[in-house]
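As a basis for the values below, the full set of heavy atoms in this structure was taken, side chains included, without hydrogen atoms, waters or symmetry mates.
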Amino acid sequence: MIGLVDCNSFYVSCERVFQPRLIGLPVGVMSNNDGCVIALSAELKALGIGMGTPAFELQHLVRQGRIQLLSSNYELYGDMSARVLAVLEEFAPAVEPYSIDEMFVRLDGFAHERLLAHARQLHCRVRQYTGIPVCVGVAPSRTLAKLANRAAKTLPAYGGVCVLQPGSLETRTLLRKFALGDVWGVGRRLVERLALMGIKSAWDLAQADPKRIRRQFSVTLERTALELRGISCIEMNDIDEARQRIMTSRSFGKLTDDLAEIREAMRQHGQRGAEKLRQQGSLARAVLVFLKTNPFRTDLPQYSPSLAVELPRPTDDSREILHAAGIALRRIHRPGFLYQKGGVMLLDLIDASRQQLSLLDTPLSEAERQRSEKLMRVMDALNQRMGRGTLKLGTPSPGAAWHLRCAHRTQRYSTRWEELPAVRAL
């Protein structure tokens, strides 16, 4: 059996752990640069405010004290996600993170009665140990577990936990209840095409001929139909598999054409990318830098360049990566354009343990490589222990234009277990 643990209103819940006064209030978390609302509490949704609502349209409600809007704090959310994962690993033999707020857990070997009790224990323990409320859906397949989780979240009778057995009356009832658009992986266009075949609910798709679905659509949809029957045939990608490229980018706080400010932003992106590179044990052969103007500002000239620079040797050294990124930036930057976004991408990654040394390598170059590895380990250890950005290459300016707008970011950061305040068991 497979369980899906989904954190409720995750970003808002993370903020409420450190600001209990927000519990019960309409709260929203804004996107980068405080642009639009990307996470909403149930109380905020009840006011008719939807996902993606521009923040400026809600400022009158903020001034009236009717709602609370917070700037996003992804360092906090990532840390809280890791804590939820750690709790799940204590109660399940295997955990597969699907997103920052969703994790699949393996629950094989439990009898039905024991399985329901164990799922309820997961539901309780995550809330007790982290302060994050979750819903748990359990079924023989991931797609069916997704529907079970949806039932646990939307139907109060389940109390946040739903366990489905294949072929049961409960499972058939829920499949008939949920629309086709509620099925994991079935988008709007597929819904429209399937409706022409008379397939309008999850139950209809589960009963459809899989071979016909494959011929007229795809093998992916065929697997979805089989999963709805309780036949597990979709496997998550190995979460430990190294990425083939690493990109770090972000919108600037405001439009800028200042080369020094853009260089500073690229330096931060490059250093963060190098940290990710070392975390997965890879080396990069090339560095790509890109810039973008705002395509919606038709009154301004448009220019969106990019350039890849090959590194002299595969490396994970932040200094070499930043040097290459600086060369690329100087070549693509043009004055007279107001840039909205920029980023650094590390390309052609290889496994650091399988690096092929050059015939020109000497004992001196090997010693330099060892010094580089030692320096990077020290930098990473300090930043991990003291907080990201404690040790940087360069001298960033706090008021630079490239910094994100985050006027309402909470100052309650979380990097260690002992910093989490005690949460009373509910």
Side-chain angles (χ1 to χ4, degrees), residues 1-10 13 39 51 81 84-85 88 91-92 94-108 110 112 115-116 118-120 122-123 126 132-191 194 199-208 210 213 217-239:
M1 298 290 281
I2 301 170
L4 177 65
V5 179
D6 184 13
C7 302
N8 301 337
S9 303
F10 182 58
S13 295
M51 184 77 71
S81 177
V84 173
L85 177 65
L88 295 178
F91 292 89
V95 182
E96 301 171 343
Y98 176 64
S99 65
I100 194 172
D101 62 344
E102 292 179 279
M103 291 120 184
F104 286 105
V105 295
R106 300 294 313 193
L107 298 172
D108 299 321
F110 289 93
H112 177 66
L115 182 61
L116 181 59
H118 191 71
R120 287 174 175 165
L122 279 179
H123 176 264
V126 173
I132 303 296
V134 299
C135 287
V136 182
V138 183
S141 67
R142 288 175 174 81
T143 303
L144 205 54
K146 273 272 192 179
L147 279 183
N149 186 279
R150 188 177 185 88
K153 182 174 291 188
T154 58
L155 302 178
Y158 283 105
V161 179
C162 175
V163 178
L164 297 180
Q165 297 290 341
S168 68
L169 176 61
E170 180 183 18
T171 300
R172 293 196 298 269
T173 301
L174 285 177
L175 287 175
R176 290 188 175 98
K177 179 179 182 64
F178 286 117
L180 199 56
D182 295 329
V183 177
W184 184 32
V186 180
R188 179 179 58 82
R189 292 185 179 180
L190 273 179
V191 170
L194 288 167
I199 300 176
K200 299 181 180 180
S201 68
W203 172 256
D204 295 335
L205 181 57
Q207 297 306 302
I213 294 295
F217 296 92
S218 66
V219 65
T220 301
L221 190 60
E222 177 195 22
R223 291 173 179 169
T224 298
L226 292 173
E227 289 249 324
L228 290 175
R229 298 182 183 183
I231 303 172
S232 180
C233 51
I234 296 178
E235 293 295 330
M236 296 295 294
N237 293 329
D238 185 1
I239 61 172

Worksheet entry | side chain to side chain donor-acceptor pair (under 3.5 Å) involving T171 - partner list, sequence neighbours excluded | S168
Who pairs with [X] by side-chain contact (heavy atoms from CB on, under 4.5 Å), at least two apart in sequence or on another chain?
X	result
D108	R106
S218	T220, L221
D204	I199, K200, S201

Quick one: closest heavy-atom pair of [X] and [Y], and the distance?
X	Y	answer
I2	P140	CD1-O, 3.9 Å
L226	C233	CB-SG, 3.9 Å
C135	A152	SG-O, 3.9 Å

Nearest 0.5 angstrom please: [X] [atom1] to [Y] [atom2], how far?
X	Y	atom1	atom2	result
R223	I213	CZ	CD1	14.5 Å
S141	R229	OG	CZ	12.0 Å
Q207	R172	CD	CZ	9.0 Å

Item to complete: Look at the aromatic rings of W184 and Y98 and report parallel, tilted or perpendicular, splitting at 30° and 60°.
Response: perpendicular
Worksheet item: With distance as the sole test, does E227 use its side chain to make a donor-acceptor pair with the main-chain N or O of L144 at under 3.5 Å?
Response: no
Fill in: Flag, side chain of S13 to backbone of N8, donor-acceptor distance under 3.5 Å
yes
Practice prompt. Could you name each residue pair satisfying salt bridge (Lys or Arg N to Asp or Glu O under 4.0 Å) that touches residues 146-167, not counting sequence neighbours?
Written response: D6-K153, E102-K146, R150-D182
Result block: side-chain N/O donor-acceptor pairs under 3.5 angstrom for residues 173-181, not counting sequence neighbours:
| residue | atom | partner | partner atom | Å |
| --- | --- | --- | --- | --- |
| T173 | OG1 | L169 | O | 2.8 |

Worksheet entry | Side chain proximity check, F91 to V105, heavy atoms < 4.5 angstrom | no
Worksheet entry | Counterpart residues, ring-ring contact (aromatic ring centres under 6.0 Å, His included), relative to H118 (two or more places apart) | F110
Worksheet item: Just one of T143, L190, L228 clears the side chain to side chain contact (heavy atoms under 4.5 Å, CB included) bar with L205, so which one?
Response: L228
Practice prompt. Mark yes when over 12 heavy atoms from residues, nucleotides or ligands other than R120 sit less than 6.0 Å from its CZ; otherwise mark no.
Written response: no
Discussion item. Holding to salt bridge (charged side-chain N to carboxylate O under 4.0 Å, His left out), I want the full list of residues that pass it with R189, two or more places apart in sequence or in another chain.
Written reply: none
Item to complete: Using the side chain to side chain contact (heavy atoms under 4.5 Å, CB included) rule, take D101 and V134 through it: C-alpha gap first, then chi angles, then the decisive distance, then the call.
Response: CA-CA 9 Å; D101 62 344; V134 299; over 6 Å; no
Check: residues 156-166 side-chain donor-acceptor pairs under 3.5 Å, at least two apart:
| residue | atom | partner | partner atom | Å |
| --- | --- | --- | --- | --- |
| Y158 | OH | E170 | OE2 | 2.8 |
| Q165 | NE2 | H112 | ND1 | 2.9 |

